[in-house]
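Report on the structure given below.
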Amino acid sequence: MIQCDNLTKRFGDFTAVDHVSFSVQKRSIFGFLGPNGSGKSTVIRMLCGILEPSDGVGRIAGHDVSGETDAIKGKLGYMSQKFSLYDELTVNENLLFYARLYGIHGEAMKTRRDELIALAHLGPYVDRRAALLSGGWKQRLAMACALVHKPSVLFLDEPTAGIDPVARRELWDLLFELSSTGMTLFVTTHYMDEAERCSHVGYIYMSKLIVCGAPHELKKLPAVNPPGTRRLEVACDHVTLGLRATRPLGGVRAATVFGQSMHLLVEETLPEESIRETLLAVGIHKVEIRTIAPSLEDVFVALTAQYAGAP
Amino acid sequence: MTFPTPKFLRGFRAILYKEFITIVRDRTTLFFMFFPPLLQIIAFGFALDNDVKHMAMAVYNEDRTTESRQLVDAFVNTQTFRVVKEVDSLAELEALVRQGKAYVGLQIPPDFTRKLRAGQKADVQVLIDGSSSTIALQALNTALGVAFQQSVNILLGETSRRELPIEVRAQVLYNPSMRAPNFFVPGVIGTALQIATMFAAAMSIVRERERGTLENLFVSPMSRWGLMLGKLVPYLCISMMMALFLFTILRWVFFVPIHGSLVMLFLSAFLYIFALISLGLLASTKAQSQNEALQVTLAIMLPSIFFSGFIFPRETMPWIFYAVGAMLPATYFIELMRAIILRGAGFLEFWRNLLVLAVMGAALFSLCALRFKRKIG
């Protein structure tokens, strides 16, 4: 459904997107991850046909995004990073505006509006000005507006940035609902738990796409699981102190803090006992160790480290 | 009920619908559209009055005779002067002028009446504060006029003639009372309409750019003509209401009679506003922020105050300023206003100005639609 072939964008000397290639299957939820300024939004803008690529080709349903902009406009919906709503307009008026913008008038317009209000559960707020909605509701309205013309691909640029956890979960429920109707979703996010819910993820770092694939495939990558190593979760008090103590230990390849525990990538030959002893030496008594599978975050941390270390 | 929208106008009805709601609900924009022009027309109408009346005059009358007092009365009777103080020394007279307490100091020497009676030349000294050239010039002309009139009266008394050999019978056409508001207020309408309309139009697109809503419009199938027309029509309506409002003030607050046809008056306003809004929209295709939009509109505003003939007559300007004036819509509109309101001129006498405004508007509008790209950066 979406295809990028060496998609590149340069702003002067700065290359914001550097030969990015990937494809997204119809009906999938594609999670696009990467730190701020890594080029996520730039890729979306190019795919939506509002930013001219410097090099490479992007295609939506087979149409070139830079040459056939008119052909793709009816197919894609775009929800930008800011809430692109008209504050002075009510929920109802925002929906009617977007409907008219896409050439839907008269009865069809009202029917579509009612459908969207039902879909996004906007019923209680129909006559409220967009400016007075909370973040989560603004986001739902923005999404409803982006869906007004029944696009087959929906781009969402950080849809859950700055909204509360409940609203975040509800928004994802909505995304799954849309996906089940056959829509292709392209979502950028910072949240790893959201990434885990995607059918496919791509990770962009320093303008380059480092990895792309289904989460369970990525977790099996050799770069993430070097042969002869295993991943341990070490739950203990004073995690930062423990981290400092275990890092120099022979056989520990990487150590990161995850909440109240550490994730260690250790050589299989390293016995759990030596970790316990090291921690005891710095005064940490209560220690629980268990073997774990890598999380997506482990995947990205490992790949970023590998990429940064590569010449 | 649906009407097919032609391809090049896609999105027009959506933008139109949204703009009307936004304009009506956005009180701040409405306030800033209506308040400055109102302030401007009131301020200029009342303050820009260059016939000075009753300017402060101090008198040092050393003669103190009937004749000398008649001379002072003759000064006062012109309505140009009023006596604020009688002083007893030349130093005091000079001090009052220097302190700005009097614009004019009149000194009548002690031998004034004696010399007059003896048929000799009597000197009278008039001190004028020259720091304001308009006031000084008028004071000087009036003082000379008074002296001349008095002298002629004396001379006539000595001869057998009863009338002046030559008398000018001046008839001032179109503004017989030479009221300043009649001259300035029609011009003020030109500059007052300008700030608000141009700035509001420019802001309406720049604001969407800043808020990020423009990006969503780009993603939609909206055409650029659809967007520009959708922005033009609502602001044209609002500005025509403002023109009506300003004409009302002109007629009923400043009592400037409208001699020409009202249809022509509104047609001129319509074409002028069309050109202004197009100019504002053109500025917005370039400006990235509200600040930039403000700067661009000011850059057009200022020359049109100086070079449009609003205050200074264009005929006496160096050719370069004359040429700048010829490029400004305000120049043609202000000419039209004076022609229609004051002279009651007919269509055949000013159609060229209407044509220039129409061409300017159409050209600017097409330019901004063509220049506008539905892409970022």
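We name chains A, B, ... by the order of the sequence lines, and we start the count at 1 in each one. Since the structure is predicted, the reported quantities are computational estimates derived from the model, not experimental observations.
Proximity to chain A involves both the backbone and the side chain of B:Ile15, based on heavy atoms less than 4.5 angstrom apart. Contacts between B:Arg25 and chain A at a heavy-atom distance below 4.5 Å involve the side chain alone, from C-beta outward. For A:Thr42, no part sits under 4.5 Å from any heavy atom of chain B, backbone or side chain. Proximity to chain B (any heavy atom under 4.5 Å) is shown, for A:Phe155, by neither the backbone nor the side chain.
B:Tyr17 places a side-chain heavy atom less than 4.5 Å from the side chain of A:Glu93. With a 4.5 Å cut-off on side-chain heavy atoms, B:Thr213 and A:Leu85 do not count as touching. Between A:Phe97 and B:Ile21, every side-chain heavy-atom pair lies at or beyond the 4.5 Å cut-off.
How far OH of A:Tyr78 is from OG of B:Ser220: 12.5 Å, rounded to the nearest 0.5 Å. Summarising the geometry, atom CD1 belonging to A:Ile50 is positioned 8.0 Å from atom CG belonging to B:Asn216; distances are rounded to the nearest 0.5 Å. Rounding to the nearest 0.5 Å places CZ of B:Phe12 at 12.0 Å from CZ of A:Arg100.
Contact count against chain B (heavy-atom pairs under 4.5 Å) is highest for A:Asp70 among A:Asn94, A:Asp70, A:Ile72. The greatest number of non-hydrogen atom pairs below 4.5 Å with chain A, out of B:Gly212, B:Pro221, B:Gly226, is found for B:Pro221.
Closest heavy-atom contact between A:Ser80 and B:Glu215: CB-OE1, 4.0 Å. Minimum interatomic distance between A:Cys48 and B:Val219 (heavy atoms only, all atoms of both residues): CB-CG2, 4.2 Å.
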Derivation and outcome, salt bridge (charged side-chain N to carboxylate O under 4.0 Å, His left out), residues B:Arg211 and A:Glu88: CA-CA 13 Å; B:Arg211 280 203 202 157; A:Glu88 300 85 0; 3.1 Å; yes
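Proximity to chain B among residues 14-30 of chain A is not found for any residue, judged by heavy-atom separations below 4.5 angstrom.
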Could you pull out every donor-acceptor pair under 3.5 Å between side chains of residues 266-274 of chain B and any protein atom, sequence neighbours left out?
unit_1: B:Ser268; atom_1: OG; unit_2: B:Met264; atom_2: O; d: 2.6
unit_1: B:Tyr272; atom_1: OH; unit_2: B:Gly190; atom_2: O; d: 2.7

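Not a single salt bridge (Lys or Arg N to Asp or Glu O under 4.0 Å) links B:Lys286 to another residue, sequence neighbours left out. In this view, A:Arg112 and A:Glu115, A:Leu116, A:Leu147, A:Val148, A:Lys150 satisfy the side-chain contact (heavy atoms from CB on, under 4.5 Å) rule, not counting sequence neighbours.
The environment of CE in A:Met206 is sparse: at most 12 heavy-atom neighbours from other residues, nucleotides or ligands sit within 6.0 Å. Within 6.0 Å of the CZ atom in A:Phe11, the count of heavy atoms belonging to other residues, nucleotides or ligands exceeds 12.
Remark: side-chain polar atoms of B:Lys18 are not paired, donor with acceptor, to backbone N or O of A:Tyr86 under 3.5 angstrom.
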